[in-house]
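Reading through the structure tokens given below for one structure.
For clarity, every value in this text was computed on a predicted model and none was experimentally measured.
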Number of protein chains: 2
Amino acid sequence: MQRTSFARMQCSLARGLDVIGDGWTLLILRDLFLGLDRFDDLVANLGISRNLLTRRLTLLVDNGIVERRAYTRRPLRHAYGLSPAGADLVPAILALTAWGERWARPAEGSPMIFIHETCGQPFEAKVCCSACGGRIEAGAVRVLPGPGGAAKPGTMVLARRLHERAEADNDKKIKGEGTA
Amino acid sequence: MQRTSFARMQCSLARGLDVIGDGWTLLILRDLFLGLDRFDDLVANLGISRNLLTRRLTLLVDNGIVERRAYTRRPLRHAYGLSPAGADLVPAILALTAWGERWARPAEGSPMIFIHETCGQPFEAKVCCSACGGRIEAGAVRVLPGPGGAAKPGTMVLARRLHERAEADNDKKIKGEGTA
DNA sequence: CTATTTAGTTCCCTCATTGAACTCAATGCC
DNA sequence: GGCATTGAGTTCAATGAGGGAACTAAATAG
């Protein structure tokens with residue numbers, strides 16, 4: 001059957017994954033970022049079937065993540081590149097890559113090194129807090145229910161749980177204050 | 001046909017994506033992070049088929065990203081949670097979520113708000129340089145060929161191109177110095 | 001005028017995803 | 001005790017997405 005679409009989920013992650021949530025797409029975007037811009041280069045580098053690459057590229061173009069430009073008419077030939085939305089995804093791809101480096105590094109060593117041109121240093125991507133700049137770790141993130149109440153698939157149970165938990169926290173606080 | 005395995009690619013991103021590179025997996029991990037830990041909660045929240053959830057969870061447990069613990073024997077019941085590798089993936093998931101917020105936010109608003117407990121502020125994940133701490137943007141990243149030379153699928157063409165480009169840069173520099 | 005290159009398209013086959021029904025053990029409830 | 005419900009899966013048939021390979025189209029190289 002057709003894979004369930006995430007587009008209707010009230011969740012930014014799911015809506016993002018609806019487009020980029022498959023094995024090939026992030027690899028394609030990485031290759032485009034790294035400078036491969038031709039159909040056959042992508043086929044050769046990734047080993048993806050031509051068939052599927054066509055479909056993925058079309059989907060990415062339709063969703064504004066990739067831009068297709070004709071680099072020659074007669075014969076019509078296209079090259080591909082990242083759109084602003086695609087380029088904005090690169091940091092997240094680097095964060096995933098850094099995770100892969102930590103937990104699934106190839107035995108032979110990494111095939112590439114990233115240099116941050118702003119400071120000139122080799123780097124690994126780390127994920128930071130937009131407020132304080134400190135590194136984000138799973139244990140130090142609390143989640144509150146947001147404005148989008150969400151009775152849609154993707155966050156139904158979750159939204160309810162978050163509210164329950166928030167209320168439980170409140171109760172605890174009130175009780176704690178009462179008895180302390 | 002079975003999806004091509006990325007496990008043999010000499011690329012940390014691909015090897016990571018071999019496990020987490022499908023639509024559901026990151027959503028499952030997000031839900032585990034957010035506190036859903038029971039099979040039926042995941043089914044209800046995501047709308048994933050029970051069948052598939054079983055397979056995905058097994059795969060994630062086998063790959064050390066999710067931990068399964070029996071919270072009751074007789075009848076045997078399991079709860080699921082993130083392993084250290086899984087928890088370490090959360091920041092990258094938040095970076096992807098932030099991208100989704102910027103480019104595919106649901107009209108109703110976000111269903112949740114993230115608080116960084118270290119500083120107490122609501123935040124968006126941003127991806128930073130491990131060397132200078134500055135925000136990473138696609139345009140300010142240069143890529144050099146790394147120690148893993150890579151004649152394997154996944155980076156074959158890429159490694160060659162990176163070397164060519166590095167050499168071309170050198171040539172240019174030498175010529176530039178010669179004629180300047 | 002034949003071979004090669006580039007960018008796809010077409011075809012078929014297989015397997016992954018889906019939805020729905022079914023299992024099994026325990027617990028709640030009357 | 002008997003009956004319905006819950007939790008955590010397993011089994012099953014149908015279908016469509018991913019995969020391989022061959023084919024097409026338009027130009028250029030030799």
> Is there a chain of hydrophobic side chains (I, L, V, M, F, W, Y, each step under 4.5 Å between heavy atoms) that links B:Leu52 to B:Leu59?
Replying inline: no
>> Is it true that A:Ser12 and B:Glu101 share a donor-acceptor pair across their side chains at a distance under 3.5 Å?
In response: yes
> Whole-Å distance between C:dT18 P and B:Ile48 CD1?
Replying inline: 7 Å
> Just how far, in rounded Å, is C1' of C:dC15 from CG of A:Leu52?
Replying inline: 14 Å
>> Nearest to the A:Tyr71 side chain among C:dT18, C:dT6, D:dA8, which nucleotide is it?
In response: C:dT6
> CG of A:Leu46 versus C1' of D:dG19: gap in Å, rounded?
Replying inline: 15 Å
>> Measuring to OP1 and OP2 of C:dA16, would you say a side-chain N or O of B:Trp24 lies under 4.0 angstrom away?
In response: no
> Whole-Å distance between D:dG9 P and B:Asp37 CG?
Replying inline: 12 Å
>> Quick check on the hydrophobic clustering: are B:Leu57 and B:Val43 connected, directly or via other members, by side-chain heavy-atom contacts under 4.5 Å?
In response: yes
> Side chain of A:Asp40, base of C:dT6: donor and acceptor closer than 3.5 Å?
Replying inline: no
> Which nucleotide in the set D:dG7, D:dG9, D:dA21 lies at the smallest distance from any side-chain heavy atom of B:Arg77?
Replying inline: D:dG7
>> Under 4.0 Å, counting only non-hydrogen atoms across every strand here, what does A:Thr4 touch: a base, just sugar-phosphate, or nothing?
In response: sugar-phosphate
> Rounded to whole angstroms, how far apart are CG on A:Asp41 and C1' on C:dT5?
Replying inline: 12 Å
> Which heavy atom of A:Phe6 sits nearest a heavy atom of B:Gly23, and at what distance?
Replying inline: CE1-O, 3.3 Å
>> Rounding to an integer number of Å, can you tell me how far B:Phe39 CZ sits from C:dC24 C1'?
In response: 15 Å
> If you find the nucleotide of DNA chain C closest to A:Arg68 and the one closest to B:Ser49, which residue's nucleotide is nearer the 5' end?
Replying inline: A:Arg68
> Going by number, which of residues 53-61 of chain A have a non-hydrogen atom under 4.0 Å from DNA chain D?
Replying inline: A:Arg55, A:Arg56
>> Among D:dA8, C:dT18, C:dG8, which nucleotide has an atom closest to any side-chain atom of A:Tyr80?
In response: C:dG8
> So, the side chain of B:Ser5 versus the backbone of B:Ala7: is there a donor-acceptor pair under 3.5 Å, distance only?
Replying inline: yes
> Rounding to a whole Å, what distance do you find between A:Leu36:CG and C:dT6:C1'?
Replying inline: 15 Å
> What are the two closest non-hydrogen atoms of A:Ala95 and B:Val127, and how far apart are they?
Replying inline: CB-CG2, 4.4 Å
>> Tell me whether the side-chain N or O atoms of A:Arg50 pair up with the base of C:dA7 as donor and acceptor below 3.5 Å, since no angle test is needed here.
In response: yes
> Between the side chains of B:Arg38 and B:Tyr80, does any donor sit under 3.5 Å from an acceptor?
Replying inline: no
>> Nearest whole Å is fine: how far is C:dC13 P from A:Asn51 CG?
In response: 15 Å
